[in-house]
Amino acid sequence: MTSLQDDTSAAPAAPFPTGFRWGAATAAYQIEGAAGEGGRGPSIWDTFCRTPGKVLNGENGDVAVDHYHRFREDVALMSSLGLTAYRFSISWPRVQPTGAGSFNSEGLDFYRRLVDALLEAGIEPWPTLYHWDLPQPLEDKGGWPERETAHRFAEYAAHVHAALGDRVHHWTTVNEPWCAAFLGYASGEHAPGRRDPSASLLAAHHLLLGHGLAVDAMRAETPGNRFGAAVNLYAVSPATDAPEDVDAARRIDGLQNRLFLDPLLLGRYPEDVLADTERYGFAPPDADLAVISRPIDQLGINYYSRHTVAGTPGEATQTASSPFSTYSPWVGSDHVRFVPAGRPVTGMGWEIDERGLYEVLTRLYREYPSLPLYITENGAGYDETPDGDGTVQDAGRIAYIDAHLRACHDAISEGVPLHGYFTWSLLDNFEWAWGYSKRFGLVHVDYATQRRVPKDSARWYADVIRRGGLPGRA
Ligand code: IFM
């Protein structure tokens, strides 16, 4: 594989610190395929995809982009881009098919081989232990709303860490617990597709508890490794200065951001969010908070957009150019509306607002100081088709990543301890309820042939990495 990096020696106009991680991210169910191979058990996504009407065109991750068989080719692609780190997720049902009891060594061997290939290529492996593919048997026993699931997760995490922790030093426990809890158990847009507000709050709590228990278990094995979670954070603004809009922004910021950040980093749930959710009987045991807030070594931030919200008494409808338009059934009953703010949008309809990323980063620095931060996801999805010669000229994605990296650069210049950036995603892949209709990859995948072709953004990103920063603005 030849390098995608241009032979340019121009110094960057916006240099990033030495040692800054330049990465790309993926997740197991979205890329691996091989759903019925190697002893893998069924996950909630296998079941959800087979439920009529849940995923666009009835698509699923059975084959996805066949990374399970093509991982060496994919590592070579990463190498050609000059990535210094690669964030991937480990499929729990591949490693422990029923989510409890015996482990599947064939499943773990796949990740051993992947890690070996990455290390040989000089690319740091950054695994995530839970990116939404809960073993179906655990959901059959109640899923994340059940406390036992948190304990099962810690057991699985310790097992994987025992196998790889000598060579893998950065570990992410759970990815986007907001999505797993609220899209999975409140709005029903994601697996397992339940619509039960009370269950979704319990799920959020047990995802956080599972994180804390897993950190304890892994740290006991190898204290020198670095552990953290990846949360999806939004900048949140009121549509106007009207008190009801300001209050709506407080509530959405509470549910989206503070419900996860405060327990993780401060060891308490925000009082106002507890009050807002009281009617759903959410009363998490205080003792769990000490576990949830075990010191972490890094926080992963997945950032895509800003929420602009209005709160109008009597009006419970939502219009959304915000991600995940049906935020959850219970927000509707709180009279919150997501309001388009008129910014350009990606192919997902998500407003592009890089200033929001700067706000999120500087806020974290202000409110939870000295915690090492990483952007573990950031990118843009479009419905792209290649040109006649197979190339993809994705100027929109280049502009999106460029703008967000500039926001990172501004934050770092102000002292924010941001140490790396992983774009979402390395490859086009299965975009959950959107099936294969939205493409986020730096690398185009022809789903019929599995042929990989780097897009213009791949070449551009490779050049940024080679320079160690961004070129001057055109
Ligand atoms: O594809 C997802 C990913 O799995 C989690 N974060 C958001 C991405 C884009 O929707």
Side-chain angles (χ1 to χ4, degrees), residues 26-50 60-64 66-69 71 88-118 125 127-168 171-175 177 180 184 191-192 203 206-207 209-222 225 227 229 291:
T26 63
Y29 190 74
Q30 295 178 272
I31 64 164
E32 282 181 8
E37 287 181 54
R40 177 187 177 278
S43 81
I44 54 174
W45 271 94
D46 296 297
T47 309
F48 190 70
C49 290
R50 280 167 176 72
N60 61 54
D62 283 4
V63 176
D66 197 29
H67 172 77
Y68 184 78
H69 297 112
F71 74 91
F88 58 99
S89 84
I90 292 182
S91 159
W92 186 351
R94 197 177 283 296
V95 169
Q96 192 182 31
T98 61
S102 55
F103 288 92
N104 172 33
S105 55
E106 198 179 343
L108 204 45
D109 282 348
F110 167 68
Y111 298 105
R112 285 200 180 93
R113 292 195 297 276
L114 174 62
V115 163
D116 286 346
L118 289 166
T128 297
L129 287 156
Y130 187 70
H131 198 125
W132 308 350
D133 45 358
L134 186 72
Q136 181 63 43
L138 288 185
E139 176 58 25
D140 296 341
K141 292 188 180 128
W144 282 109
E146 283 299 317
R147 190 178 181 84
E148 181 60 14
T149 304
H151 289 281
R152 296 281 60 78
F153 175 68
E155 179 194 62
Y156 146 75
H159 185 83
V160 176
H161 182 263
L164 303 176
D166 57 336
R167 290 165 306 140
V168 174
W171 291 81
T172 300
T173 53
V174 292
N175 180 68
H206 294 143
L207 281 151
L209 181 62
H211 153 85
L213 292 168
V215 168
D216 276 355
M218 294 191 287
R219 211 188 283 289
E221 284 165 354
T222 311
N225 282 344
F227 306 103
V291 178

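In this text the structure is predicted, and so the values were computed from the model without any measurement. Hydrogens, waters and symmetry mates play no part in the numbers below; they use all other heavy atoms, side chains included.
With Asp133 contributing its side chain and Pro93 its backbone, the two residues share no donor-acceptor pair below 3.5 Å. Remark: the backbone N or O of His131 is not paired with any side-chain donor or acceptor of Thr128 at under 3.5 angstrom. Remark: side-chain polar atoms of Asp46 are paired, donor with acceptor, to backbone N or O of Ser43 under 3.5 angstrom. The backbone N or O of Arg94 lies less than 3.5 Å from a partner atom in the side chain of Asn104, making a donor-acceptor pair. Not a single donor-acceptor pair under 3.5 Å links the side chain of Tyr29 to the backbone N or O of Trp132.
Scanning all heavy atoms of the two residues, the minimum distance from Pro42 to Pro137 falls at O-CD, 4.0 Å. The shortest heavy-atom contact between Glu106 and Gly39 is OE1-N, 4.5 Å. Listed here is the closest heavy atom pair of Phe88 and Pro125: CE2-CB, 3.9 Å. In plain terms, the two heavy atoms of Ser102 and Pro97 that are nearest each other are O-CD, 4.0 Å. The two residues Ala163 and Arg112 make their nearest non-hydrogen contact at CB-NH2, 3.6 Å. Closest approach of Ala64 to Gln30, counting heavy atoms only: CB-O, 3.6 Å.
Atoms NE2 and OG1, from His161 and Thr222 in turn, are 4.0 Å apart once rounded to the nearest 0.5 Å. A distance of 13.0 Å separates CG of Asn175 from NE2 of His211, quoted to the nearest 0.5 Å. Interatomic distance, Ile31 CD1 to Ser91 OG, rounded to the nearest 0.5 Å: 11.0 Å. Rounding to the nearest 0.5 Å gives a distance of 6.0 Å between CD1 of Ile44 and CD of Glu139. Expressed to the nearest 0.5 Å, how far OH of Tyr156 lies from CG of Leu129 amounts to 5.0 Å.
Between His159 and Leu108, the closest side-chain pair of non-hydrogen atoms falls below 4.5 Å. Side-chain atoms of Phe153 and Val174, non-hydrogen and from C-beta on, do get closer than 4.5 Å to each other. You'll find the side chain of Arg167 reaches within 4.5 Å of the side chain of Val115, heavy atoms only. Residues Leu213 and His151 form a side-chain contact, since some pair of their non-hydrogen atoms from C-beta on lies under 4.5 Å apart. Within the 4.5 Å cutoff, no side-chain heavy atoms of Gln96 are placed close to those of Arg152. For the pair Pro127/Val168, a side-chain contact is recorded, criterion being any heavy-atom separation below 4.5 Å from C-beta on. The shortest distance between side-chain heavy atoms of Met218 and Thr173 falls below 4.5 Å. When side chains are defined from C-beta on, Val95 counts as touching Phe103, because their heavy atoms get closer than 4.5 Å.
Between Arg40 and Glu32, no side-chain nitrogen of the basic residue sits less than 4.0 Å from a carboxylate oxygen of the acidic one, so the salt-bridge criterion is not met.
Considering Leu164, Val160, Asp116 in turn, Leu164 is the only one that fulfils the side-chain contact (heavy atoms from CB on, under 4.5 Å) rule with Tyr111.
You'll find the ring centres of Trp144 and Tyr130 inside the 6.0 Å limit.
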